[in-house]
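So that the names make sense, note that chain A is the first sequence line, chain B the second, and so on, each numbered from 1.
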2 protein chains.
Amino acid sequence: MLTIGQLAAYTGVTVRAVRHYHQIGLLPEPERDAAGYRQYGATAVIALIKIRSLAEAGVPLSQIGHMLGADAASFAQAVQKIDDRLRDEIERLEASRKQIAQLAAGDSLALPPEVVAFLDRLREIGASERMVEAERDGWILIAARWRDQLGEIMPAKHAQLDDPLMVRLYQVGSALLEDGTVDDPRLVELADILAALAERAPPSSEEWGDDVAHDLIDSLLVEADPRSRRLLELLRERGWGGWSRPERLPRPPG
Amino acid sequence: MLTIGQLAAYTGVTVRAVRHYHQIGLLPEPERDAAGYRQYGATAVIALIKIRSLAEAGVPLSQIGHMLGADAASFAQAVQKIDDRLRDEIERLEASRKQIAQLAAGDSLALPPEVVAFLDRLREIGASERMVEAERDGWILIAARWRDQLGEIMPAKHAQLDDPLMVRLYQVGSALLEDGTVDDPRLVELADILAALAERAPPSSEEWGDDVAHDLIDSLLVEADPRSRRLLELLRERGWGGWSRPERLPRPPG
DNA sequence: ATGAGGGGTTGACGCTGCGTCAGGGTCAAG
DNA sequence: CTTGACCCTGACGCAGCGTCAACCCCTCAT
């Protein structure tokens, strides 16, 4: 007769595991001795080894009971289901590993490579690190909503950076982020640039559609830096509302 | 401003998940409106998307907090650790799949192929299915203790089956398992065969060592079939104790 | 005004497979 | 008699939410 510790040692499991199997009814409770100790015989050892070999093969404990009492056909069927489950799980983990590998490289936290390339471009034209981070956050919002269309959007954004006005926009923006105050004159310059750009390329509401995402991007600006309120005000003076998708405002009377 | 449901919809997570992230302090609790509803802004959306992209890459929630605030170096290091974890997990699951494939084939529940082959041999020489199951259980005990030595043990066992006496042993045993009674004369024949076999090949205690496993195997016999008590008694009369590893008994005085 | 339906709120249990205390009793040896 | 190594039961903890329960809030149609 074996104690629970000897049983556990013989079969290579922990005492706690054995008690757990009792608790869930997988292994029947054996007789007790005078002191209340469980006493195991050979059949218990065999049952436990069978349980472990199924468990180690990835069978959930809740199914092992059925499988041990099943005929060959339904056993094989159950095995097939387990194997499918394992395959799915492995696939999911391998997908995770690919994701992880992506994350290891650069800004790509949640961003596709086209956008990462764009951010790198920004650094090249002299945008500060804080500016790039702000842009990155904006692109996270955009990517969440229009991930599939990024392939069409990004080339246009790249092209815009050939425009010296756009370059100036990011440079002034970077400088402001570093040390600007609420009444910095460069805010006016920024507003002028934005108005000029909006004038040049009027928003085509068709392709973007109106969406909560634009509001989010606008509010991101405000949340990121309180000075942006002043900027939006200056933009309104110049006849433009919004920022991520500027709209022509009705000219105020007078 | 977004409600929790809108936030969840935008980022593709469940409402419950968002609340969970609040609970564990991963996502800061936002302001509430007059009714107590949570109100989310753009930064919350961005934070949540970052969290999800790490979580989907297999990063445990408990680590995501650290990683979001880490510099590039320790971020990369953390990523490495996650990747190692994922690799281990995948390996474990693939090992499980191999086990499962083994289980799908035959008796192999917890048994290596050499033993399965031996059991098949038993069927060929006319052992009944119940006899084979009893043997299989015995081998489960043996394999648990001497798995590494099975490669040396099994050839000898195979060879023993060339002995007509051994064949007769299994055949009589099979017959007894089906319909024998406690005073069946075939029990005597069985005892004679066992004694003769023990005489012929005395146990070499060196190679097996004395062990709890033998006691288990002996007790397995008794637990499996109460008639075996009579058999052991007959064996003792013939000067042999035990069964899995018979020992010469001191001849009783007189 | 009222009721229905579709939001939101907190709180708590459930799942898997045990690990790990806590707070005891038991047993063999020195 | 003490010590140390076992055994016992009971209960919380773990990851990442799913899923009630019981209640509040808002809006729209009747």
Side-chain angles (χ1 to χ4, degrees), chain A residues 1-27 29-40 44 48 50-67 81-82 85-86 88-89 92-93 96 99 212, chain B residues 1-27 29-40 44 48 50-67 81-82 85-86 88-89 92-93 96 99 212:
Chain A
M1 283 300 165
L2 305 179
T3 68
I4 197 171
Q6 294 169 318
L7 170 68
Y10 191 88
T11 56
V13 309
T14 65
V15 170
R16 182 62 181 87
V18 176
R19 286 203 268 248
H20 182 60
Y21 299 154
H22 288 319
Q23 212 172 343
I24 64 177
L26 189 50
L27 192 63
E29 282 277 2
E31 308 274 296
R32 308 292 185 110
D33 70 5
Y37 289 17
R38 293 178 178 85
Q39 296 194 109
Y40 298 91
L48 182 51
K50 287 180 180 173
I51 289 169
R52 281 313 299 172
S53 60
L54 284 172
E56 279 162 19
V59 180
L61 297 188
S62 57
Q63 297 226 13
I64 291 181
H66 309 299
M67 292 188 67
K81 281 182 65 176
I82 309 295
R85 229 177 32 75
L86 289 174
D88 286 358
E89 188 73 8
R92 273 192 25 224
L93 291 179
S96 284
Q99 299 271 46
V212 65
Chain B
M1 285 298 167
L2 306 178
T3 68
I4 196 171
Q6 294 169 319
L7 170 68
Y10 192 89
T11 55
V13 309
T14 64
V15 170
R16 182 64 182 85
V18 176
R19 287 204 268 249
H20 182 59
Y21 299 153
H22 288 319
Q23 212 172 345
I24 64 177
L26 189 49
L27 192 63
E29 282 276 3
E31 307 275 296
R32 309 293 183 109
D33 69 6
Y37 289 17
R38 293 177 178 85
Q39 295 193 106
Y40 298 93
L48 182 51
K50 287 179 181 172
I51 290 170
R52 280 314 299 171
S53 61
L54 284 172
E56 280 162 19
V59 180
L61 297 188
S62 58
Q63 298 225 14
I64 290 180
H66 309 299
M67 292 187 67
K81 282 182 64 177
I82 308 296
R85 229 177 31 75
L86 289 175
D88 286 358
E89 188 73 8
R92 275 191 25 226
L93 291 180
S96 284
Q99 299 271 46
V212 65

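- With a heavy-atom cut-off of 4.0 Å to chain B, the contacted part of DNA chain C has its first and last nucleotide at C/dG7 to C/dA12.
- A/Met67 CE to A/Lys81 NZ: the interatomic distance, rounded to the nearest 0.5 Å, is 10.5 Å.
- Nearest-nucleotide positions on DNA chain D place A/Glu29 closer to the 5' end than the other of A/Glu29 and B/Ala34.
- Counting all heavy atoms, side chain and backbone alike, B/Leu27 lies closest to B/Ala44 at CD1-O, 4.2 Å.
- Side chains of A/Arg92 and A/Asp88 form no contact here, defined as non-hydrogen atoms less than 4.5 Å apart.
- Put simply, CD1 on A/Ile51 and CG on A/Leu26 are 3.5 Å apart, with the number rounded to the nearest 0.5 Å.
- DNA chain C is contacted by B/Thr3, B/Ile4, B/Gly5 of residues 3-11 of chain B, taking any non-hydrogen atom closer than 4.0 Å.
- The shortest non-hydrogen separation linking A/Tyr21 to A/Arg52 is OH-NH1, 2.7 Å.
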Pair A/Tyr40, A/Leu48 - check side chain to side chain contact (heavy atoms under 4.5 Å, CB included), show working. CA-CA 11 Å; A/Tyr40 298 91; A/Leu48 182 51; over 6 Å; no
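- Nucleic acid contact for B/Arg85: none, since no nucleic acid atom lies under 4.0 Å from a heavy atom of the residue.
- In plain terms, the two heavy atoms of B/Gly5 and B/Val15 that are nearest each other are CA-CG2, 4.0 Å.
- No side-chain heavy atom of B/Gln39 sits under 4.5 Å from any side-chain heavy atom of B/Arg32.
- The shortest side-chain heavy-atom distance between A/His20 and A/Arg16 falls under the 4.5 Å cut-off.
- A heavy-atom distance below 4.0 Å to DNA chain D is reached by these residues of residues 14-22 of chain B, ordered by number: B/Thr14, B/Arg16, B/Ala17, B/His20, B/Tyr21.
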Under 3.5 Å donor-acceptor pairs involving side-chain atoms of residues 56-65 of chain A, not counting sequence neighbours:
none

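- Where DNA chain D meets chain A (any atom under 4.0 Å from a heavy atom), the bounding nucleotides read 5' to 3' are D/dC6 to D/dA11.
- Under the 4.5 Å side-chain criterion, counting only non-hydrogen atoms from C-beta, B/Glu31 is not in contact with B/Met1.
- The closest side-chain heavy-atom distance from A/Arg38 to A/Arg19 is below 4.5 Å.
- When the local axes at the two ends of the helix from C/dA1-D/dT30 to C/dG30-D/dC1 are compared, using 5 base pairs at each end, they differ in direction by 30° after rounding to 10°.
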